[in-house]
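Each remark here refers to the structure printed beneath this line.
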Amino acid sequence: MLVDHSEDPQPSPTDDLPLVEKYRPQDMDSIISHTEILNTLTNFVSQQRLPHLLFHGPAGTGKTTTILALARKMYGPQFGMMTLELNASDDRGIDTVRNQVKSFAGTKNCFSKLPKLIILDECDAMIKEAQFALRRVVEMYSSNARFCLICNYVNRIIPALQSRCTKMRFSPLNPLSVLERLQEICANEQIIANEEGLRVIVSVCNGDMRKALNILESVWMAHRNVNIDTVYTTIGKPHPRDINTFLETALNNTFENTDRECWAMKENLSLSLADIIDAVHDRLIRIDFPPLIKCTLLDKLARLSFNTTKCDSERLQFLGLMGVLQEARLATIGMKETLERVDLQTV
Ligand SMILES: Nc1ncnc2c1ncn2[C@@H]1O[C@H](COP(=O)(O)OP(=O)(O)OP(=O)(O)O)[C@@H](O)[C@H]1O
Ligand SMILES: [Mg+2]
């Protein structure tokens, strides 16, 4: 039997896209945080005086999104013709860059008075020689094009290039804005999520919206429900409940008992030492130790954290952690109630 599907609801072309792409803001108004940067850029555009730009800052904070949204705003339907985007996955030898820039910026677009825009994404991956050569390219094509260099680490960009651009730092996104954005997306996508689960995502993403959206999507795909438990299970980080038990054991027992019980816990729950150290650090800074003791403990934890990346013996580093916690125990004798007062929430 033939079935006529012509009346069926058509899937939207964006339905298959991952959330990061589906929710990449297309215009400047949908970009969260960075109010000052957005205002400055809007002023540049309205006065038609766009300088060369250098966007820098951690991953997932909207650098690429912002320049693309700005280009759309500036050029409207001519966006495609007026913008050249090159990134690190392309061949970044200076000859290729020079040739591409030359063939793109070497001709004027007779439909527009505006300069063209050349986006050099992930610029910090360019070798120094290429960056030196780029100085000249930027100058040669200044009458016809504006450059926007984008990178994570601005100190990897040579000073001569930096000084040719207006620098803008994209800081990690504000946690509240990330939370609100996640809630909005959940409502749109009919994702079942409670606020506590979303707060955990916000705290682990450290202001990286790409990471937040990717975690949200994985948790939802894996569990069809986003809450504290499903988030921790998916990201493989220790649950705060387990860290509390771990710390309570360590801060209330002798070295031998602590070592035996905490090691068993670590093995049974398959916790990684690096994650335990991070979580313990997170708790210890919130305990009201005398300042000198606190400084010593934090310093030792920082060293341990560094050593775990360099030393193959997890057991050795684990014993180091036990040692630090014993010191904390001796400092907390008589401070039990302090420990109970510590806010054990993650966010
Ligand atoms: N400020 C923001 N407002 C709204 N969404 C954002 C913002 N920043 C990032 N995102 C989301 O994160 C995704 C990645 O952003 P984008 O590619 O702009 O990051 P980036 O700063 O260029 O990162 P990288 O340094 O890794 O290239 C976007 O698709 C978007 O969904
Ligand atoms: Mg980018």
Side-chain angles (χ1 to χ4, degrees), residues 12-42 45 52-74 79 83-90 92 97 117-126 147-157 161-162 165-189 191 193 198 201-221 226 235:
S12 137
T14 57
D15 275 354
D16 288 342
L17 286 176
L19 290 182
V20 267
E21 287 313 326
K22 186 166 175 187
Y23 289 93
R24 184 188 286 276
Q26 297 297 305
D27 56 70
M28 309 222 347
D29 297 335
S30 336
I31 295 173
I32 58 169
S33 293
H34 312 315
T35 322
E36 284 190 10
I37 294 181
L38 295 173
N39 286 342
T40 312
L41 291 174
T42 310
V45 174
H52 298 305
L53 298 167
L54 171 56
F55 289 176
H56 62 102
T61 50
K63 299 178 293 299
T64 307
T65 306
T66 302
I67 193 61
L68 291 176
L70 181 84
R72 263 184 224 105
K73 185 181 169 85
M74 260 194 326
F79 162 74
T83 316
L84 174 69
E85 197 186 349
L86 301 171
N87 67 41
S89 48
D90 307 320
R92 298 297 292 271
V97 171
L117 180 68
I118 298 168
I119 304 169
L120 291 172
D121 213 340
E122 296 157 27
C123 243
D124 39 6
M126 284 178 96
F147 286 78
C148 177
L149 313 184
I150 306 183
C151 65
N152 294 122
Y153 306 102
V154 73
N155 55 352
R156 295 190 190 159
I157 304 294
L161 264 184
Q162 291 191 31
C165 304
T166 300
K167 276 199 275 183
M168 296 189 172
R169 177 167 193 273
F170 284 66
S171 42
L173 303 184
N174 166 286
L176 194 61
S177 313
V178 176
L179 179 66
E180 285 169 1
R181 177 89 174 148
L182 290 181
Q183 285 171 326
E184 199 183 297
I185 292 174
C186 288
N188 245 355
E189 294 290 317
I191 292 176
L198 294 180
I201 298 183
V202 172
S203 83
V204 294
C205 82
N206 285 324
D208 175 343
M209 191 71 201
R210 183 190 291 118
K211 189 168 173 186
L213 289 176
N214 282 336
I215 297 177
L216 175 69
E217 188 156 30
S218 323
V219 179
W220 174 240
M221 298 310 281
V226 182
I235 60 180

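When a ligand or atom number is given, it counts from 1 through the structure's own listing order. When a residue number appears, it is its place in the shown sequence, counting from 1.
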Nearest heavy atom to atom 19 (O) of ligand 1 wins, so pick from S177, A212, G62.
-> G62
Out of M209, K211, R210, the nearest non-hydrogen contact to atom 6 (C) of ligand 1 is supplied by M209
Does even one non-hydrogen atom of Y23 get within less than 4.0 Å of ligand 1?
-> yes
Decide whether the shortest distance between a heavy atom of S33 and an atom of ligand 1 is less than 4.0 Å.
-> no
Counting each atom of ligand 1 from 1 as listed, which ones have a heavy atom of [X] under 4.0 Å away?
| X | result |
| --- | --- |
| L213 | 31 (O) |
| A59 | 23 (O), 24 (P), 25 (O), 26 (O) |
| N152 | 25 (O) |

Report yes or no: does T64 have an N/O/S atom closer than 2.8 Å to the Mg ion (ligand 2)?
-> yes
Looking at the rings of F170 and H34, which for Trp means the six-membered one, are their centres under 6.0 Å apart?
-> yes
Give the residue and atom name of whichever protein heavy atom lies nearest to [atom], and the separation in Å to one decimal.
| atom | answer |
| --- | --- |
| atom 21 (O) of ligand 1 | K63 NZ, 2.7 Å |
| atom 31 (O) of ligand 1 | V20 O, 3.0 Å |
| atom 1 (N) of ligand 1 | I32 O, 2.9 Å |
| atom 15 (O) of ligand 1 | T65 OG1, 3.5 Å |
| atom 23 (O) of ligand 1 | G60 N, 2.9 Å |

Under 4.0 Å from ligand 1, counting heavy atoms only, is it the side chain of L173, its backbone, both or neither?
-> side chain
Donor + acceptor pair across side chains of N174, S33 (<3.5 Å) | no
N39 and T42 side chains, donor-acceptor separation under 3.5 Å = no
Look only at the side chain of E85 and the backbone of I118, and say whether a donor-acceptor pair between them is shorter than 3.5 Å.
-> no
Going through the distances and angles, do R156 and M126 end up as a side-chain contact (heavy atoms from CB on, under 4.5 Å)?
-> CA-CA 9 Å; R156 295 190 190 159; M126 284 178 96; over 6 Å; no
Do ligand 1 and T61 have nitrogen or oxygen atoms that lie under 3.5 Å from each other?
-> yes
Is the closest side-chain heavy-atom distance between L19 and W220 below 4.5 Å?
-> no
Would you sort out whether L84 and L86 count as a side-chain contact (heavy atoms from CB on, under 4.5 Å), showing the intermediate values?
-> CA-CA 7 Å; L84 174 69; L86 301 171; 4.3 Å; yes
